[in-house]
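Report on one structure; see the data block that follows.
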Amino acid sequence: EAGVTQSPTHLIKTRGQQATLRCSPISGHTSVYWYQQALGLGLQFLLWYDEGEERNRGNFPPRFSGRQFPNYSSELNVNALELEDSALYLCASSFRGRNEQFFGPGTRLTVL
Amino acid sequence: GDSVTQMEGPVTLSEEAFLTINCTYTATGYPSLFWYVQYPGEGLQLLLKATKADDKGSNKGFEATYRKETTSFHLEKGSVQVSDSAVYFCALTDTGGFKTIFGAGTRLFVKA
């Protein structure tokens with residue numbers, strides 16, 4: 001069974017640009033979660049999507065947004081990039097109503 | 001609000017030593033508790049979980065018991081190996097499954 005996949009593996013942008021990160025959940029999972037893991041820090045919850053809708057949002061500014069498509073894949077968009085947005089962005093998926101999350105390998109975003 | 005506190009690292013042990021990584025939580029209701037592990041250059045993997053008080057999660061020689069009276073979920077292993085070197089995250093998911101909160105992570109180094 002294929003795991004959670006994320007693309008791209010690495011992304012380099014400059015300040016002010018926009019970044020788009022993609023995630024494909026495990027087949028059958030309807031929930032997708034996004035986390036930010038800055039260097040040396042723990043995971044910060046960004047967004048939770050389920051059945052195409054945003055269900056919960058962490059303490060991040062509105063320039064962090066996303067969506068979930070009918071096939072349950074998801075996109076995270078970060079607008080007006082700032083240097084401190086440089087981090088590993090992890091996506092996870094789960095069955096709706098089940099707590100166990102399965103993580104992808106992450107996208108390393110570097111903002112110059 | 002809900003929170004997870006785990007011991008700061010790094011923790012450095014010799015092979016075959018006993019490991020304890022402390023984790024305490026604050027939450028209303030009946031959260032589920034998890035330990036995730038992140039090996040170098042990889043995403044997070046679920047190590048073990050417990051969904052109700054007094055449950056013991058176990059996997060790969062690691063154990064943790066859900067203690068509601070002390071709001072703790074300490075991770076233990078009787079004999080660590082070099083291959084256990086990784087970052088370990090304690091996490092909780094709230095009763096409704098609306099959010100998952102991670103601790104800051106504890107880096108473990110095991111020397112041969």
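Note that the structure is a prediction, hence the values are computed from the model and not measured. In the text below, chain A, chain B and the rest are named by the order of the sequence lines, each starting its count at 1.
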Check step by step if side-chain contact (heavy atoms from CB on, under 4.5 Å) holds for B:Leu44 and A:Leu43. CA-CA 10 Å; B:Leu44 273 71; A:Leu43 277 74; 4.0 Å; yes
With a sphere of 6.0 Å drawn around [atom1] of [X], does it hold more than 12 non-hydrogen atoms of other residues, nucleotides or ligands?
| X | atom1 | answer |
| --- | --- | --- |
| A:Asn71 | CG | yes |
| B:Lys68 | NZ | yes |
| A:Arg15 | CZ | no |
| B:Tyr39 | OH | yes |

For this output row, return yes or no: ring centroids of B:Tyr36 and A:Phe103 closer than 6.0 angstrom. yes
Common cluster, [X]/[Y], ILVMFWY with side-chain heavy-atom separation under 4.5 Å:
| X | Y | result |
| --- | --- | --- |
| A:Phe64 | A:Trp48 | no |
| A:Tyr33 | A:Leu21 | no |
| B:Phe102 | B:Phe34 | yes |
| B:Val87 | B:Leu47 | no |
| A:Leu47 | A:Phe95 | no |

Which portion of B:Gln38 sits near chain A, non-hydrogen atoms under 4.5 angstrom: side chain
So A:Gln37 and B:Phe89, do their side chains get closer than 4.5 Å, heavy atoms only? yes
Determine which residues belonging to residues 76-91 of chain A lie within contact range of chain B, meaning some heavy atom pair is under 4.5 Å apart, and list them by number or answer 'none'. A:Leu88, A:Leu90
Can you name the nearest heavy-atom pair linking A:Phe45 to B:Thr100, along with the distance? CB-O, 4.2 Å
Hey, which of B:Thr51, B:Leu46, B:Thr93 is the one that makes side chain to side chain contact (heavy atoms under 4.5 Å, CB included) with A:Glu100? B:Leu46
Please look at A:Phe102 and chain B and tell me whether the side chain, the backbone, both or neither of the residue comes under 4.5 angstrom of a heavy atom of that chain. neither
